[in-house]
Amino acid sequence: MNPYITVILWAAAIVLAFILLIWRDNRKRRAMIRKKIRRIYGSVPEREYDAGDLKNISQYFRRKQDEGFVIDDITWNDLDMDRVYMLVNQTMSSPGEEVLYAMMRMPLFSKEEIHKRERLVTFFAEHDKEREKMQLLLSELGKTRFGSLSETILALEHAPKVSVGIHAVMLAVLLGSICVVLPLFPLQGFFLVFLLSIANITLYYAGRDRKLIEAYLDCFSSLLRMLGAADRMEAVEWPEVQEHMEHIREVKKVFANLRRRAVFLTSKNNGSGDPMQILMDYIRMVFHVDILTYNATLKEVQDKTGTIMSLVEHIGELDAAISIASFRTLLPLQCRPEFCEHKNAGIRLTVTDLYHPLISEAVANSICVEGGTLITGSNASGKSTFLKNMALNAIMAQTLNTCTCTAYRAPFLKVMTSMALRDDLLGGESYFIVEIKSLKRILDESKKHEPMLCIIDEVLRGTNTIERIAASSRILKELACEWVLPMAATHDIELSYILEKYYRNYHFEEEVQEHQVVFNYLLQKGRAATRNAIRLLDMLEYDGKIVEDAGKAAEEFERTGAWKAY
C-alpha cells in the first residue's frame, strides 16, 4: 500500500478515535447530569454557600431594584429570607440563581404578571421530559466561579482599550517575512521567521497589553457561554417558552458580529483543553490576533447593558421557573394564592393552616385579619415566628405564586417589617436610633395610600416603659388606616387596652408544668391572660426569696398601680 495512503488512514483513524472518545465522554457526562437532575428535583437543595456567595448572586437584583417596590434589606433580613432563598434555589445556571433571587425581592402587583409566571412554572411541573431537557441545556451554561455572572459580563462596559500600534507593526513584519522572504530565501527566511516569532512571543508575555486583555477574557467567555446556551435553547418549540425564545433570538442578532470576532480573542470554554483552543493559543502568542481584535470586539459589547440584562433575564426566568416547581414538590402542603381587589372599606387577609417552611413539624395556624392586629404572649411562645410567617407568605404569594398553607386570600400588598434589629456599631447608632429609623420608613411608605402589610415586633423596645407605651401606641394608631394591615407583637399588655378600638387582640400561651414550659404554638383570640415569668424563675431554681419578693411586688403593683420602694 502506498505509504502516503497509510499515513492518511492512520491519521484519520486517530482523529476518528479522538472524536469517538469525546462523544463517549460527553454522553457519559450528560447521563450523569440527567441522573442528578432527577435526583434533586423536589428535594432539599444540596448546595453549600460560601461567604460572599449571596452578595454576588444579589448583584443582578441591585441593578434592577429601582424599577419599583422591592423587599428592602431590613425586611429581607428580618424574615431570614436568605435561608428561604437557599431552600428554593435548585437552579442549574448563574442566570437562574440571580434571576430567582431578584424575583423573590421584587413582588408582582398584577394578576396578569402572576398568571404569566404561573404558566411557565406549571408547564415545567407537568412536563418532566421537557423540564429535564431544559435543565440539561442550562447545566451546559452552568454557574460561574467568578461571582456574579451579570456583573462579570457587564464589567466590559468600562473596560479600557489597548494600544495596538507595535503589535500591528510586528504582525506586518512577520507576515512579510513569511510571504516574501521565506519563498525567495528559504534558509534565511526560516531563521528570520523563527526570530520574529520568538520576539512576538516575548512581547506578548512581557508587554502590559496582553495582561490587560487577560483581565477581561473571563468576561467575554461568560458572554459567549450564554450565547452558546441560547443557540441550543432556541431549538425548542414549546409554545409556553416561545416568548422567551423570541427575546433570546433578538439578543443573538445584536451580538452576531461579536461572536465572529471573539474567536480570535477567547472561547466560550476558555481553558477547557480543547485541541482547537490550544492551537488558537499558539496563534495568539505569535500573531497577537487577540490584542489586535480586542478593541473592535469590546466595541460590540459596550453600550449594550440593557441587551445583556435581557439575555440574563430570559434565560434565568426559565431556570427559576423550574426551581419554583421543584420547591412546590418539596413542600408537604402548599397552595396558589387568591388575589382580590382592595376596597375602600379596608383590607382583609385570610390564611388557613399557615406553617413556616423552615420549621420541621411546624404547627399550622389560621387567621383572618382586617384592620390592626396585636399579639401578646410570653417569650418563645410563637409570636415572632407567626408574624414573620405572615409577612413571608405575603411575599411568596407575589413572587413565587406559592404559599405554605391550604388557602391564602388578600389584595396585592407591599410588605415591610421591623423586627430583628440590632445596634449599628459601624455607624455609631444605638438600638433605639436604628429602631425609630426602621419604623419611620414604614410610616413614610404608609402615606402613599397603597395596600400594605407591616409587621412590627416589640415596638420601641429600646427605650423606657413609660415613653415606649406612650410613643408606640401613637405609632400603631397612625398605622391603623384602611389601606394598611398593621400587625404587632408586644409584651406591653397596656397597648391591648389603649388600642382596643383599632386593633384586634390575639395571643399565644404556654403551660408551666413542674419542671418544664410547654408551648402549643396555637394562636388564640383575645389578649394574653397568663404571666409566667416569675414562675419560670422558680422552675429554674432561683433563690426562693427573690422569687417570693418578685411575686409580692407584682401583686402590689397590680393592686395599687405604683411600685413600692425598697
Side-chain angles (χ1 to χ4, degrees), residues 59 63 94-95 141 144-179 193 196-231 248 250-272 274 276-312:
Q59 294 308 305
R63 283 184 172 267
S94 289
L141 173 54
T144 179
R145 58 189 174 89
F146 306 108
S148 166
L149 177 65
S150 58
E151 290 301 293
T152 298
I153 297 172
L154 293 173
L156 294 170
E157 181 68 22
H158 304 290
K161 294 183 178 180
V162 297
S163 176
V164 298
I166 184 64
H167 305 285
V169 171
M170 291 296 290
L171 176 63
V173 173
L174 179 59
L175 291 177
S177 301
I178 294 172
C179 298
V193 170
L196 288 171
S197 297
I198 295 298
N200 271 5
I201 292 172
T202 302
L203 176 62
Y204 186 78
Y205 281 107
R208 69 179 188 88
D209 295 325
R210 179 253 179 189
K211 294 177 182 176
L212 186 151
I213 287 177
E214 191 174 39
Y216 293 93
L217 289 184
D218 290 327
C219 305
F220 282 107
S221 294
S222 296
L223 179 54
L224 291 174
R225 207 161 48 244
M226 270 214 299
L227 292 170
D231 286 337
I248 289 172
E250 291 301 316
V251 172
K252 283 178 56 185
K253 292 178 183 177
V254 173
F255 291 113
N257 290 333
L258 164 74
R259 302 177 77 178
R260 285 192 289 268
R261 287 194 172 100
V263 67
F264 297 107
L265 191 64
T266 184
S267 77
K268 64 182 179 182
N269 294 309
N270 193 35
S272 64
D274 184 344
M276 282 301 298
Q277 287 309 311
I278 294 174
L279 176 61
M280 283 301 302
D281 284 340
Y282 283 110
I283 292 174
R284 292 174 189 124
M285 281 189 286
V286 175
F287 296 99
H288 298 195
V289 290
D290 50 351
I291 297 175
L292 292 168
T293 59
Y294 170 79
N295 289 342
T297 308
L298 186 63
K299 186 177 179 181
E300 294 293 333
V301 178
Q302 292 184 326
D303 299 323
K304 293 183 175 65
T305 297
T307 306
I308 293 171
M309 291 285 282
S310 177
L311 184 60
V312 172

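Every heavy atom of this structure was used, including side-chain atoms; hydrogens, water molecules and symmetry mates were not. Along the sequence shown, residues carry numbers from 1.
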Carboxylate-amine/guanidinium proximity below 4.0 Å for Arg63 and Glu151: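 Looking at Glu151 together with Arg63, the answer is yes, because their closest N to O distance falls below 4.0 Å.
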Interatomic distance, [X] atom [atom1] to [Y] atom [atom2] [nearest 0.5 angstrom]:
X      : Y      : atom1 : atom2 : result
His288 : Leu203 : NE2   : CG    : 5.0 Å
Ile166 : Asp209 : CD1   : CG    : 10.0 Å
Phe255 : Leu224 : CZ    : CG    : 10.0 Å
Ile178 : Leu174 : CD1   : CG    : 4.0 Å
Arg225 : Ser94  : CZ    : OG    : 7.5 Å
Asn257 : Lys299 : CG    : NZ    : 11.0 Å

So, do [X] and [Y] sit near enough that their side-chain heavy atoms are less than 4.5 Å apart?
X      : Y      : result
Met226 : Ile153 : yes
Met285 : Asn200 : no
Ile308 : Glu157 : no
Lys252 : Asp231 : yes
Phe287 : Met170 : no

Identify the two heavy atoms, one from Leu156 and one from Gln302, that lie closest to each other, and give their separation to 0.1 Å.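 Closest pair (atom of Leu156, atom of Gln302, distance): O-NE2, 3.0 Å.
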Minimum heavy-atom distance Ala155-Tyr216, with the two atoms named: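 Minimum heavy-atom separation between Ala155 and Tyr216: O-CE2, 3.9 Å.
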Ser197 and Val286: side-chain contact (heavy atoms from CB on, under 4.5 Å), yes or no, with the steps? CA-CA 6 Å; Ser197 297; Val286 175; 3.9 Å; yes
Show me the side-chain donor-acceptor pairs of residues 291-298 shorter than 3.5 Å, one per line, residues at least two apart or across chains.
from: Thr293; atom 1: OG1; to: Val289; atom 2: O; distance (Å): 2.7
from: Thr293; atom 1: OG1; to: Asp290; atom 2: O; distance (Å): 3.4
from: Tyr294; atom 1: OH; to: Pro160; atom 2: O; distance (Å): 2.9
from: Asn295; atom 1: OD1; to: Val162; atom 2: N; distance (Å): 3.1
from: Asn295; atom 1: ND2; to: Val162; atom 2: O; distance (Å): 2.9
from: Thr297; atom 1: OG1; to: Thr293; atom 2: O; distance (Å): 2.7

Any donor-acceptor pair under 3.5 Å from [X] side chain to [Y] backbone:
X      : Y      : result
Lys211 : Gly207 : no
Gln59  : Ser150 : no
Glu250 : Thr307 : no
Ser310 : Gly306 : no

